[in-house]
Amino acid sequence: MSQFESTEYPLKFEIIKKCSVSKARCSQLTLPHATLQTPQFMPVGTQGALKGVLPHQIKDLKCNLILGNTYHLGHRPGPELLTLAGGLHKYMNWDGNLLTDSGGFQMVSLLKLAKVTEDGVEFESPHDKSTMLLTPEKSMEIQNAIGADIMMQLDDVVCTTLEDTARMEEAMYRSIRWLDRCIAAHKRKSEQNLFPIVQGGLDARLRTISANELIKRNTSGYAIGGLSGGEAKEDFWKAVSLSTDILPDNKPRYLMGVGFAIDLVVCSALGCDLFDCVFPTRTARFGCALVDNGQLQLKRKNFAIDERPIDDECYCYTCQTYSRAYLHMVLNGDEVTACQLMSLHNVAYQMRLMQRIRDAIKNDTFPDFVRNFVRNYYSSGK
Ligand code: PRF
Ligand code: ZN
């Protein structure tokens, strides 16, 4: 891969501009399938597609990095069929970049039945009730077959608001042992990047140990995990800031599972580069349209006579074509069309927000942008 000749990994990360007041930076990230600028939000396509949005529509929104899930794709189509199809990019006709999560987090959050042992994450198959075991080696096998541009290590994820420090510590050290097993099992090092995940809950000591251990492995980027599980905003932001203080400046930092507009703005200021969350597409299906000062619940009666678009500054097809009144009607009737129109807007909203963040960093107006955004967000003029 010629564009990566000078680097050890199939990834290039160049900082274009740093904010002089915060830790925010705007960078250019080159991956095997495309180049993009960060900070960037990655929409989630659980089964190898975004619910209600076609690959060409995602491209039209200038998005060239989306997420897939090992947990779902490992079941169906499974690694053999994926290898046969030449990987997920070809299979789903997506020529942009793909990032896959390792599967453990989805199992623990979706299936309350999952059990973690030193071997891996044990769970009941959703299909035939047999017991299955996702090990670091199995996760790498599936992710190598998928062919994602960025793969995630299998980690032991615990909920910060439910578990005690002893369990946090065990999970943090186990995640490091699993990282070493992932590195050993990764078979396509010149084609796919493997990101490790900082764990340690809200505990500064544990997070510091975790981040320093990951740095020793010298991977091409880092993820910050174990957060965004319902902890207080202040605790969450502190844990993020502590992590970005330790992680090296010259590599991308991916904050996992974060997608609320306010968190994207604040965590960009704290030096995070990549984000993902199912929230924008999931909430769209329930009739919620994202706008700067919060969210519009378009199923509510007052929207039946509102002839304005969701957002008159949004360039998406939905806003260019339809009124809130029309969307209100469709949302209360035709689920499939409503899902498409709403998801398209919410993904476009996230993309435009990230573009505004990048522009502000590049134009030296980021501190003002943050101040105005936060003031407007909490003014809640629905
Ligand atoms: N680990 C993995 N995936 C994740 C997370 C994590 O910690 C989060 C944050 N809670 C979202 N997705 N593997
Ligand atoms: Zn729109």
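Read the numbers this way: they start at 1 and go in the same order the structure lists the ligands and their atoms.
Among all non-hydrogen protein atoms, the one lying nearest atom 8 (C) of ligand 1 is M256 CB, 3.7 Å. With respect to atom 1 (N) of ligand 1, the closest heavy atom belonging to the protein is D155 OD2, 2.7 Å. Here the heavy atom of the protein found nearest to atom 3 (N) of ligand 1 is D101 OD2, 2.6 Å.
Distances below 4.0 Å separate heavy atoms of S102 from the following atoms of ligand 1: 13 (N). Atoms of ligand 1 lying under 4.0 Å from at least one heavy atom of G257, given by number and element, are 11 (C). Residue I197 has at least one heavy-atom neighbour below 4.0 Å for each of these atoms of ligand 1: 13 (N). Near L227, with a cut-off below 4.0 Å to any heavy atom, the atoms of ligand 1 are 9 (C), 10 (N).
In this structure, CZ on F41 lies 11.5 Å from OH on Y349, to the nearest 0.5 angstrom. Going from atom CZ of F13 over to atom CD of Q28 covers 10.5 Å, rounded to the nearest 0.5 Å.
Counting heavy atoms from C-beta on, the side chains of T219 and L214 never come closer than 4.5 Å.
Proximity of Q199 to ligand 1, defined as any heavy-atom pair under 4.0 Å, is confined to the side chain (atoms from C-beta onward). At a heavy-atom distance under 4.0 Å, no atom of A223 approaches ligand 1.
Considering every non-hydrogen atom in both T83 and A145, the closest pair reads OG1-CB, 3.5 Å.
Not a single N or O atom of G225, backbone or side chain, sits closer than 3.5 Å to an N or O atom of ligand 1. Geometrically, ligand 1 and Q153 share no nitrogen or oxygen pair separated by less than 3.5 Å.
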### Task
Report the C-alpha separation of D249 and K18 in whole Å, then their side-chain angles, then the decisive distance to 0.1 Å, and conclude whether the side chain to side chain contact (heavy atoms under 4.5 Å, CB included) test is met.
CA-CA 11 Å; D249 232 21; K18 281 185 179 174; 2.6 Å; yes

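Looking only at atom types and distance, the side chain of Q355 has no donor-acceptor partner in the side chain of R352 under 3.5 Å away. Looking at N144 and Q192, their side chains do bring a donor and an acceptor atom within 3.5 Å of each other.
Not a single donor-acceptor pair under 3.5 Å links the side chain of D276 to the backbone N or O of M42.
Of all protein N, O or S atoms, those under 2.8 Å from the Zn ion (ligand 2) number 4.
For G226, the closest heavy-atom approach to ligand 1 falls below 4.0 Å.
Salt-bridge check for D273 with K251: failed, with every basic side-chain N at 4.0 Å or more from each acidic carboxylate O. A salt bridge is absent between D180 and R177; no separation between the charged side-chain nitrogens and carboxylate oxygens falls under 4.0 Å.
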Can you list, pair by pair, the side-chain donor-acceptor contacts under 3.5 Å of residues 147-154, counting residues two or more places apart and other chains?
from: D149; atom 1: OD1; to: H33; atom 2: ND1; distance (Å): 3.3
from: D149; atom 1: OD1; to: H89; atom 2: NE2; distance (Å): 3.0
from: D149; atom 1: OD1; to: L98; atom 2: N; distance (Å): 2.8
from: D149; atom 1: OD2; to: H33; atom 2: N; distance (Å): 3.3
from: D149; atom 1: OD2; to: H33; atom 2: ND1; distance (Å): 2.7
from: Q153; atom 1: OE1; to: I197; atom 2: N; distance (Å): 2.9
from: Q153; atom 1: NE2; to: S175; atom 2: O; distance (Å): 2.9

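In this structure, Y315 places its OH atom where more than 12 heavy-atom neighbours from other residues, nucleotides or ligands lie under 6.0 Å away.
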